[in-house]
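Below: the structure, in structure tokens.
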Amino acid sequence: MQKTALITGITGQDGAYLAELLLQKGYRVVGTYRRTSGLDTWRLRYLGIESRVLLETMDVEDLSNQIRVLQKYTPDEIYNLAAQSFVGVSFEQPLLTAQITGIGVANLLEAVRIAHPKARFYQASTSELFGKVQEVPQTEKTPFYPRSPYGVAKLYGHWMTVNYRESYQLFACAGILFNHESPLRGIEFVTRKITDAVARIRAGKLNELVLGNLDAKRDWGYAREYVYAMWLMLQQDEPQDFVIATGKTHSVRDFVELAFAAAGISSWQDYVKTDPQFSRPAEVDLLIGNPQKAKDVLGWESQMALDELAALMVKEDLRRQGI
Ligand code: NDP
Ligand code: GDR
């Protein structure tokens, strides 16, 4: 029988790739989005799947809305990807971030518990939970110490997921995913900001790129591989939480160098400036995950190296510039 999956945050990077994967696997895919004056489905169009996804309005802040949608579709699997996901903005909008990224998870878990407790539930947890370095590399057992309103809101969502699993026997999993990027990454995140600027510089439309902290280190992987790990988590016999990462770390400066090199520009220092306006009140200095449990239990391993990822993103941004 055909399975149904419900994806919140279908208009985001991961929502689009996950929808693509689940369609390939024969699922009926219901993608939910928040109502705005104009729905933007450019990522679904980019992947050529817009007409194959059932789109439904659902706001993570509205429990009654969620109960109705669950009753209507009775999905086998629910992937909760919706969030105010930009760390920088969370310092400017801490309360909105708490409502969407934190309480939003509780709303959806309540909706599942009340309306459809048989559904399998995936929560998009994050390496931002680790925040201030307590242990290197970070595993499922590393203590959390979030460093932003976003990280704190995600911590609440993470523990609510664990709590509903333990309290109500929901099949609920949290994937602690480290940064993952792609040509579909939002332009405000550092990798895409860099590859987009590199392409504009190459096209002669821009002459400088202004960034914040170049020393921050991240464990960057490829988004298309990471959504596969989400799916694998919901196919296991028991619900568990997993770190999903490459196990390698690089600085923002390293990524800048790779991206400029991918466009054939060797002198990146001629173009890059820094400005404290792009720094954060509290920074996460070093993230590096240990994906051993994912390898052992899920058989999942990251494949794409960072230079390949930077080249892929630059290539696509050059294409967008007509190069
Ligand atoms: P995006 O920012 O690209 O997508 C977030 C999605 O959430 C968008 O579809 C957005 O809709 C939606 N959304 C925002 N607010 C609401 C709301 N009030 N009600 C309903 N939907 C809403 O994020 P990614 O795809 O990169 O990430 C997916 C999830 O994984 C997020 O929860 C993120 O925090 C988490 N995560 C991401 C990582 C990464 O490296 N990409 C790493 C670890 C975790 P709209 O288009 O209308 O803004
Ligand atoms: P992050 O991603 O905060 O790790 O959260 P982001 O790409 O925004 O920042 C990564 C690092 O780069 C530094 N940086 C800059 N960042 C941005 N956005 N813009 C700049 O100009 C800039 N200059 C330097 C940042 O300070 C930071 O150290 C992402 C999101 O997808 C979250 O939703 C997700 O949970 C985590 O990854 C894992």
Side-chain angles (χ1 to χ4, degrees), residues 7-18 31-36 38-44 57-62 65-66 79-91 96-97 99-101 103-105 107-108 122-131 146-148 150-151 153-154 157-158 174-182 184-194 197 209-223 226-227 230 243-245 250-253 255-256 272-287 289:
I7 303 173
T8 73
I10 191 79
T11 57
Q13 170 188 259
D14 291 6
Y17 281 125
L18 181 62
T32 70
Y33 65 96
R34 57 176 161 175
R35 210 206 75 81
T36 57
L39 170 62
D40 190 353
T41 54
W42 71 271
R43 292 182 173 97
L44 299 175
T57 51
M58 190 175 93
D59 202 295
V60 298
E61 295 196 59
D62 188 336
N65 179 207
Q66 292 167 1
Y79 296 87
N80 184 31
L81 309 184
Q84 189 304 92
S85 76
F86 188 31
V87 173
V89 160
S90 77
F91 288 98
L96 184 71
T97 302
Q99 284 298 337
I100 297 173
T101 306
I103 302 291
V105 185
N107 283 333
L108 195 50
Y122 174 86
Q123 168 58 17
S125 286
T126 164
S127 50
E128 285 294 300
L129 299 178
F130 297 121
R147 292 270 283 171
S148 63
Y150 167 81
K154 280 284 184 185
H158 180 85
I176 307 174
L177 271 55
F178 282 60
N179 299 53
H180 45 277
E181 319 295 311
S182 74
L184 299 187
R185 188 56 143 151
I187 202 97
E188 68 271 35
F189 299 96
V190 78
T191 55
R192 182 78 205 295
K193 181 176 171 181
I194 293 166
L209 164 61
V210 187
L211 295 169
N213 177 14
L214 300 184
D215 296 319
K217 290 185 147 184
R218 289 290 182 276
D219 180 331
W220 278 297
Y222 179 32
Y226 282 47
V227 299
M230 297 176 188
V243 159
I244 301 296
H250 296 271
S251 66
V252 172
R253 185 179 286 98
F255 191 89
V256 167
V272 176
K273 310 256 177 307
T274 56
D275 187 320
Q277 70 160 306
F278 295 111
S279 296
R280 291 158 186 184
E283 176 64 289
V284 172
D285 297 320
L286 168 66
L287 290 174

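Here the structure is a predicted model, which is why all the values come from computation and not from measurement. Counting starts at 1 for both ligands and their atoms, in listed order.
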- Run the side chain to side chain contact (heavy atoms under 4.5 Å, CB included) check on Leu211 and Ile194 step by step: do they pass? CA-CA 9 Å; Leu211 295 169; Ile194 293 166; 4.2 Å; yes

Shortest non-hydrogen contact from [X] to [Y]?
X	Y	answer
Asn107	Asp62	ND2-N, 4.3 Å
Gly151	Pro146	C-CB, 3.5 Å
Ala124	Leu81	CB-CD2, 4.1 Å
Phe189	Ser85	CZ-OG, 3.5 Å
Ser125	His158	OG-ND1, 2.9 Å
Ala197	Leu209	CB-CD1, 3.7 Å

Nearest-option assignment for [atom], heavy atoms, candidates [options]:
atom	options	answer
atom 13 (C) of ligand 2	Asp219, Asn213, Leu214, Leu287	Asn213
atom 9 (O) of ligand 2	Arg218, Arg280, Glu283	Arg280
atom 29 (C) of ligand 2	Thr191, Asn179, Val210	Asn179
atom 2 (O) of ligand 1	Gly157, Ser85, Gly221, Gly9	Ser85
atom 8 (C) of ligand 1	Thr57, Thr11, Leu129	Thr11
atom 23 (N) of ligand 2	Gly289, Ala223, Gly212	Gly212

Give the residue and atom name of whichever protein heavy atom lies nearest to [atom], and the separation in Å to one decimal.
atom	answer
atom 5 (O) of ligand 2	Val87 CG2, 3.6 Å
atom 18 (N) of ligand 2	Glu188 O, 3.0 Å
atom 19 (N) of ligand 1	Val60 N, 3.3 Å
atom 22 (C) of ligand 1	Ala82 CB, 3.8 Å
atom 42 (C) of ligand 1	His180 CE1, 3.3 Å
atom 25 (O) of ligand 1	Asp14 N, 2.8 Å
atom 5 (C) of ligand 1	Ala83 O, 3.7 Å
atom 29 (C) of ligand 1	Leu81 O, 3.2 Å
atom 41 (N) of ligand 1	Arg185 NH1, 3.1 Å
atom 48 (O) of ligand 1	Arg34 NH2, 2.7 Å

What are the atoms of ligand 1, with element, lying closer than 4.0 Å to any heavy atom of [X]?
X	value
Met58	20 (C)
Lys154	31 (C), 32 (O), 33 (C), 34 (O), 35 (C)
Thr126	43 (C), 44 (C)
Ser125	43 (C), 44 (C)
Ala124	29 (C), 30 (O), 32 (O), 35 (C)
Asn179	40 (O)

Would you say the side chain of [Y] lies within less than 4.5 Å of the side chain of [X], judging by non-hydrogen atoms?
X	Y	value
Ile176	Phe130	yes
Tyr122	Leu18	no
Ser251	Asp215	no
Leu96	Val89	no
Gln13	His180	yes
Leu184	Tyr17	yes
Tyr33	Asp40	no
Val60	Gln66	yes

- Residues two or more places apart in sequence or in another chain: which of them pass side-chain contact (heavy atoms from CB on, under 4.5 Å) with Glu188?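 Glu188: side-chain contact (heavy atoms from CB on, under 4.5 Å) contacts with Phe86.
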
Near [X], which atoms of ligand 2 are under 4.0 Å from a heavy atom of that residue?
X	value
Ser85	30 (C), 32 (C), 33 (O)
Lys193	20 (C), 21 (O)
Ala216	28 (O)
Tyr150	32 (C), 33 (O), 34 (C), 35 (O)
Val252	12 (O), 13 (C)

- Message: Could you check whether any heavy atom of Ile100 sits closer than 4.0 Å to an atom of ligand 1, since that is the contact criterion I want to use?
- Response: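 Under 4.0 Å: yes for Ile100.
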
- Query: Below 4.0 Å from any atom of ligand 2, is there a heavy atom belonging to Ser127?
  - Reply: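 Ser127 counts as a contact of ligand 2 under the 4.0 Å cut-off.
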
- Give a yes/no verdict on whether any heavy atom in Arg185 is under 4.0 Å from an atom of ligand 2. yes

- Which of Leu177, Val227, Asp219 passes side chain to side chain contact (heavy atoms under 4.5 Å, CB included) with Ile244? Answer is Leu177

Return a yes/no value for [X]: is any of its N or O atoms, backbone included, closer than 3.5 angstrom to an N or O of ligand 1?
X	value
Gln13	yes
Phe189	no
Tyr150	yes
Asp59	yes

- How does Val190 reach ligand 2, by side chain, by backbone, by both or by neither, if only non-hydrogen atoms under 4.0 Å count?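 Both backbone and side chain of Val190 come within 4.0 Å of ligand 2.
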
- For ligand 2, is any non-hydrogen atom under 4.0 Å from Leu211's backbone (N, CA, C, O), its side chain (CB onward), both, or neither? both

- Mind checking what makes salt bridge (Lys or Arg N to Asp or Glu O under 4.0 Å) contact with Arg43, not counting sequence neighbours? none

- Query: Would you say ligand 2 has an N or O under 3.5 Å from any N or O of Trp220?
  - Reply: no

- Asn213 and Ser279: side chain donor to acceptor below 3.5 Å: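 No donor-acceptor contact under 3.5 Å links the two side chains.
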
- Message: Can a side-chain donor-acceptor contact be found between Thr101 and Gln84 if the only test is distance below 3.5 angstrom?
- Response: no

- Salt bridge flag under 4.0 Å for residues Glu283 and Arg218: yes

